Amino acid sequence: MPTAEDLRARIEAAIPGAEASVQSEDNVHFAAQVKAQAFAGKSRLEQHRMVMDIFGDQLGGEIHALSLKTETP
Amino acid sequence: MSENPMRDAISEAIASNDVILFMKGTPDAPACGFSARAAGALQALEVPFSAVDILPDPRIRQELSALSNWPTIPQLFVKGELLGGSDIIMEMYESGELAGALGVEQPDSDPEPADAQAPTLQIENRLN
């Protein structure tokens with residue numbers, strides 16, 4: 001089962017320069033806040049997609065829910 | 001016969017409903033918190049919308065996500081465009097963007113009564 005720390009590390013590894021913080025009480029429902037220059041010029045939809053694409057099929061499975069807040073620095 | 005009747009039924013539903021929410025459960029009996037919040041935002045804006053429960057048939061979610069390139073549920077489409085999932089819907093609701101996108105007043109002003117809410121669409125019973 002992935003942990004908040006796993007998700008944080010994978011987000012920061014997948015999105016260069018991203019600063020992520022991730023919380024979860026049960027390692028099934030997660031909330032992540034991600035700040036990244038790579039989001040600049042992208043719609044909120046695309047920013048969220050960039051983050052969700054990292055987890056592929058895990059989303060909706062092991063990662064039941066991933067609540068996202070994205071922003072540019 | 002098209003080779004993907006489910007995907008055609010979904011894209012047809014998206015095209016023919018101005019506001020359509022794919023969710024778990026129904027607006028009156030949501031089966032998940034995120035779906036409940038998304039449906040609640042639309043109800044608070046008193047906007048008529050169509051709702052599709054994706055739970056009865058796992059193919060609905062599979063084909064929908066393939067179409068929209070969005071992996072999670074709920075998914076809200078307005079005039080054929082994906083607005084997003086629960087987070088974006090709620091962010092837009094709180095900022096008033098959602099009311100703007102739907103062409104309605106933000107509730108703190110006096111909302112005019114919207115007509116009765118559209119019935120829940122049953123995608124799977126179109127596959128006869």
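Below, chains carry the letters A, B, ... as their sequence lines are ordered, and counting in each starts from 1. The figures that follow rest on heavy atoms only: side chains count, while hydrogens, waters and symmetry mates do not. It should be emphasised that the depicted structure is a prediction, and the values quoted were computed from it without experimental measurement.
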> Taking atom CE of B:M90 and atom OG of A:S67, what is their separation to the nearest 0.5 Å?
10.5 Å
> Out of curiosity, does B:L42 fall in the hydrophobic cluster containing B:F34 (side-chain heavy atoms, cut-off under 4.5 Å, transitive links)?
no
> Would the number of heavy atoms belonging to other residues, nucleotides or ligands and lying under 6.0 Å from NZ of B:K24 be above 12?
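More than 12 heavy atoms, drawn from other residues, nucleotides or ligands, come within 6.0 Å of this atom.
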> Test side chain to side chain contact (heavy atoms under 4.5 Å, CB included) on B:E81 and A:L45; report intermediate values, then the result.
CA-CA 11 Å; B:E81 287 289 317; A:L45 201 69; over 6 Å; no
> If every non-hydrogen atom of B:L82 is compared with every non-hydrogen atom of A:R49, which pair is closest and at what distance?
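Heavy atoms only, the tightest pair is CD2-NH2, 3.6 Å.
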> Roughly how far, to the nearest 0.5 Å, is SG of B:C32 from NE2 of A:H64?
5.0 Å
> What are the two closest heavy atoms between A:G60 and B:R61, and how far apart are they?
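Minimum heavy-atom separation between A:G60 and B:R61: CA-NH2, 3.7 Å.
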> Evaluate whether atom CD of A:E5 has more than 12 neighbouring non-hydrogen atoms of other residues, nucleotides or ligands under 6.0 angstrom away.
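Buried by this count: over 12 neighbours within 6.0 Å.
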> Look at atom CG of A:D57 and say whether more than 12 heavy atoms of other residues, nucleotides or ligands are closer to it than 6.0 Å.
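No, not enclosed.
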> If I take atom CD from residue B:E97 and atom CZ from residue A:R44, how far apart are they, to the nearest 0.5 angstrom?
4.5 Å
> Looking at A:L68 and B:D87, what are the two nearest heavy atoms and their distance?
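Minimum heavy-atom separation between A:L68 and B:D87: N-OD2, 2.5 Å.
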> Out of B:I88, B:T72, B:L83, which one racks up the most heavy-atom pairs below 4.5 Å with chain A?
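With the most close heavy-atom pairs to chain A, the winner is B:I88.
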